[in-house]
There are 2 protein chains.
Amino acid sequence: MTKHAKLAPSACGECPIRHRAVCSKCDADELTELEAIKYYRSYEAGQTILWAGDQMGFVGSMVSGVATLTQTMEDGRTQMVGLLLPSDFVGRPGRDSAAYNVVATSDVVMCCFRKSPFEDMMARTPHIAHRLLQMTLDELDAAREWMLVLGRKTAREKIASLLSIIARRDASLGLGVATGRVVFDLPLTREAMADYLGLTLETVSRQISALRKDGVIVLDGKRHVTVPDMDRLMDEAGDDNDGGMLI
Amino acid sequence: MTKHAKLAPSACGECPIRHRAVCSKCDADELTELEAIKYYRSYEAGQTILWAGDQMGFVGSMVSGVATLTQTMEDGRTQMVGLLLPSDFVGRPGRDSAAYNVVATSDVVMCCFRKSPFEDMMARTPHIAHRLLQMTLDELDAAREWMLVLGRKTAREKIASLLSIIARRDASLGLGVATGRVVFDLPLTREAMADYLGLTLETVSRQISALRKDGVIVLDGKRHVTVPDMDRLMDEAGDDNDGGMLI
DNA sequence: TCGAGGCCTTGACCCAGATCAAATAGGACG
DNA sequence: CGTCCTATTTGATCTGGGTCAAGGCCTCGA
């Protein structure tokens with residue numbers, strides 16, 4: 001097996017950045033250079049990793065845990081604009097400050113690269129720049145996809161959309177199975193889900209109960225979810241999407 | 001005045017791409033090369049420029065007119081995910097197909113570059129790649145900003161947000177005035193505004209009437225808008241934002 | 001000048017989801 | 001074990017915005 005084999009991101013070395021930013025054309029010298037500017041950070045659940053407007057001295061990628069990207073209005077209304085899961089990128093290469101609050105939802109470990117050497121390397125190494133552009137385009141697609149969820153879906157469809165995104169993502173990082181039976185732990189509180197979906201936590205709770213009563217999901221405790229039939233869930237989400245896009 | 005002077009995008013040559021993609025470090029050879037692969041396309045109001053999934057043979061930038069980026073669910077619910085105004089980029093360099101429908105709202109002229117030579121050039125020219133990354137990050141920020149509008153704002157705030165975005169944008173392309181009195185034409189029908197805001201066209205119409213009654217805006221006909229006090233409008237939009245970000 | 005077809009506005013009524021208010025269920029910790 | 005604390009569920013009621021319906025107002029073409 002070569003080191004360029006098509007693997008799930010997290011399977012490519014301990015540090016996902018290897019896959020996500022450089023692995024598609026990785027090269028021993030580049031990896032050595034990256035090693036030299038790499039370090040780890042960890043955060044406890046609830047800790048704010050970055051405040052909107054903070055200077056960022058690093059770019060990084062999530063190794064474990066869950067974090068959220070949120071915006072808040074002065075009256076306290078908040079909207080989550082992104083969910084950071086393992087292998088996601090944190091920080092905006094080419095920008096010098098954070099645009100949103102980044103909050104650790106669970107304990108988080110991040111693999112960081114010092115910003116200016118990383119950017120120098122990016123400027124010298126077209127395929128890293130290209131990879132970053134691709135990743136940013138992926139995020140843009142995800143954000144736009146989410147605009148449809150926020151603007152046009154009902155509460156039930158919103159919940160189903162969120163569950164299917166998390167389920168699909170977990171399935172693709174794990175076994176690569178995106179249909180049939182899927183089991184995962186919800187990495188978010190009801191309130192965080194509400195902030196992601198533009199709902200109240202009461203509505204989130206009610207809709208989850210409804211999906212459980214209708215057999216779309218099975219709950220074990222409050223967080224452990226089993227989806228007996230992924231197709232059914234995606235149907236509830238209103239996605240015409242055929243389940244795909246692994247890699 | 002050097003050709004690197006800080007100008008509004010549309011002021012830098014007839015073709016906005018010069019400023020938006022390359023002008024910050026432009027160079028005679030590069031511009032000549034770009035000229036060689038450049039051509040223009042025009043579309044009539046109502047025409048679909050690209051369907052989601054279409055192959056794109058070009059990357060381009062809007063010269064005049066207005067176009068929209070939309071997603072549709074199979075039952076017909078639609079959500080606009082972006083508004084393309086002069087100087088905006090069309091098409092996703094590094095991707096080979098469109099992700100959304102692109103529809104001309106008014107007559108449109110676009111400046112296009114043939115895709116593969118443009119991408120080759122991008123791979124060779126780090127500052128073009130960097131500029132494109134910046135532009136993509138700007139779009140990502142705009143999309144995330146819009147998620148707050150869609151998820152957490154009331155109908156009145158949504159209308160005020162849309163009006164202030166258009167007003168600010170027009171003002172910055174024109175006179176560079178972003179406070180005080182602003183006059184512009186709405187480039188969208190009520191229905192398109194509704195699709196952008198996740199509302200119905202009736203609600204859009206009612207809220208516009210309400211803002212007019214309250215003196216926040218003055219309407220001359222259905223499309224011509226005067227904002228007597230930009231600060232008041234931004235206040236209605238719920239933006240804590242101080243009006244800025246020209247450049 | 002008239003009529004048709006798009007837009008847009010306005011009214012009446014309804015309902016999905018918000019709001020307000022308890023009650024319940026787990027943990028963590030002594 | 002009991003106690004506190006937080007997350008969650010559930011109920012009752014309210015309301016912003018959706019839905020359905022009826023005109024009004026342009027513009028364009030005959």
Side-chain angles (χ1 to χ4, degrees), chain A residues 44-46 66 68 73 75-79 105-107 149-163 185-214 217-225 236 238, chain B residues 44-46 66 68 73 75-79 103 105-106 149-163 185-214 217-225 236 238:
Chain A
E44 288 170 25
V66 180
T68 64
M73 293 172 67
D75 62 7
R77 283 178 279 178
T78 81
Q79 175 66 47
T105 290
S106 62
D107 292 348
V149 173
L150 289 171
R152 291 301 185 195
K153 291 195 179 179
T154 64
R156 175 187 260 245
E157 289 170 332
K158 284 179 175 182
I159 298 289
S161 297
L162 179 56
L163 293 177
D185 282 302
L186 273 177
L188 299 171
T189 65
R190 301 289 185 262
E191 187 178 17
M193 293 173 72
D195 283 341
Y196 204 11
L197 296 166
L199 297 170
T200 59
L201 65 89
E202 293 93 329
T203 298
V204 170
S205 180
R206 274 186 249 274
Q207 295 299 335
I208 287 179
S209 298
L211 289 173
R212 184 170 43 70
K213 282 200 193 77
D214 296 345
I217 57 174
V218 179
L219 278 179
D220 176 16
K222 290 160 194 310
R223 297 295 193 86
H224 194 76
V225 179
E236 290 282 353
Chain B
E44 287 171 25
V66 180
T68 64
M73 293 171 69
D75 62 7
R77 284 178 277 178
T78 83
Q79 175 67 48
V103 182
T105 290
S106 62
V149 173
L150 289 172
R152 293 300 186 195
K153 292 194 177 177
T154 64
R156 175 187 263 243
E157 288 170 334
K158 285 178 175 182
I159 298 290
S161 297
L162 179 56
L163 293 176
D185 281 303
L186 272 178
L188 299 172
T189 65
R190 301 289 185 261
E191 186 179 17
M193 294 174 71
D195 283 340
Y196 204 12
L197 296 166
L199 297 170
T200 59
L201 65 90
E202 293 94 331
T203 299
V204 169
S205 178
R206 275 186 250 273
Q207 295 299 333
I208 287 179
S209 298
L211 289 172
R212 184 171 43 71
K213 281 201 193 78
D214 297 347
I217 57 174
V218 178
L219 278 180
D220 176 16
K222 289 160 195 310
R223 299 294 194 86
H224 194 77
V225 179
E236 290 282 352

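Order of the sequence lines fixes the chain letters, A, B, ..., with proteins taken first and strands second; residue numbering starts at 1 for each chain. All values below come from the heavy atoms of this structure, side chains included, with hydrogens, waters and symmetry mates left out.
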In chain order, what residues pass the side-chain hydrogen bond (donor to acceptor under 3.5 Å, both in side chains) check against [X], with sequence neighbours excluded?
X	result
T203(B)	T200(B)
T105(B)	none
T189(B)	none
D185(B)	H224(B)

Got a second to check how far S205(A)'s OG is from E191(A)'s CD, nearest 0.5 Å? 12.5 Å

How long is the span from the OH atom in Y196(B) to the OG1 atom in T78(B), to the nearest 0.5 Å?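 One finds 13.0 Å between OH of Y196(B) and OG1 of T78(B).
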
Test: salt bridge (Lys or Arg N to Asp or Glu O under 4.0 Å). Region: residues 192-206 of chain B. Which pairs qualify, not counting sequence neighbours?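 Applying salt bridge (Lys or Arg N to Asp or Glu O under 4.0 Å) to every pair that reaches into residues 192-206 of chain B, excluding sequence neighbours, yields R152(A)-D195(B).
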
Symbol by symbol from the 5' end, with Watson-Crick or G-U pairs under 3.5 Å, [ ] crossing and | another strand, DNA chain D is ||||||||||||||||||||||||||||||

Summarise protein proximity over nucleotides 5-20 of chain C in one line of letters, 5' to 3': B for base, S for sugar-phosphate only, - for none, counting protein heavy atoms closer than 4.0 Å. ---SBBBB----SSBB

Residues 156-163 of chain B, side-chain donor-acceptor partners within the protein, below 3.5 Å, at least two apart:
residue, atom, partner, partner atom, Å
R156(B), NH1, E236(B), OE1, 2.8
R156(B), NH1, E236(B), OE2, 2.9
R156(B), NH2, D214(B), OD2, 2.2
E157(B), OE1, R77(A), NH1, 2.8
E157(B), OE1, R77(A), NH2, 3.4
E157(B), OE1, T154(B), N, 2.9
E157(B), OE1, T154(B), OG1, 3.4
E157(B), OE2, R77(A), NH2, 2.8
K158(B), NZ, L197(B), O, 3.0
S161(B), OG, K153(B), NZ, 3.2
S161(B), OG, E157(B), O, 2.8

Just by modelled atom types, is the L186(B) backbone N or O under 3.5 Å from a matching donor or acceptor in the R223(B) side chain?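 Present.
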
Could you tell me which residues satisfy side-chain contact (heavy atoms from CB on, under 4.5 Å) with S209(A), sequence neighbours excluded, listed by chain and number? R212(A), K213(A)

Distance under 4.0 Å to a non-hydrogen atom of chain A counts as contact; along DNA chain D, which nucleotides mark the start and end?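 Counting from the 5' end, contacts occupy dT8(D) to dA12(D).
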
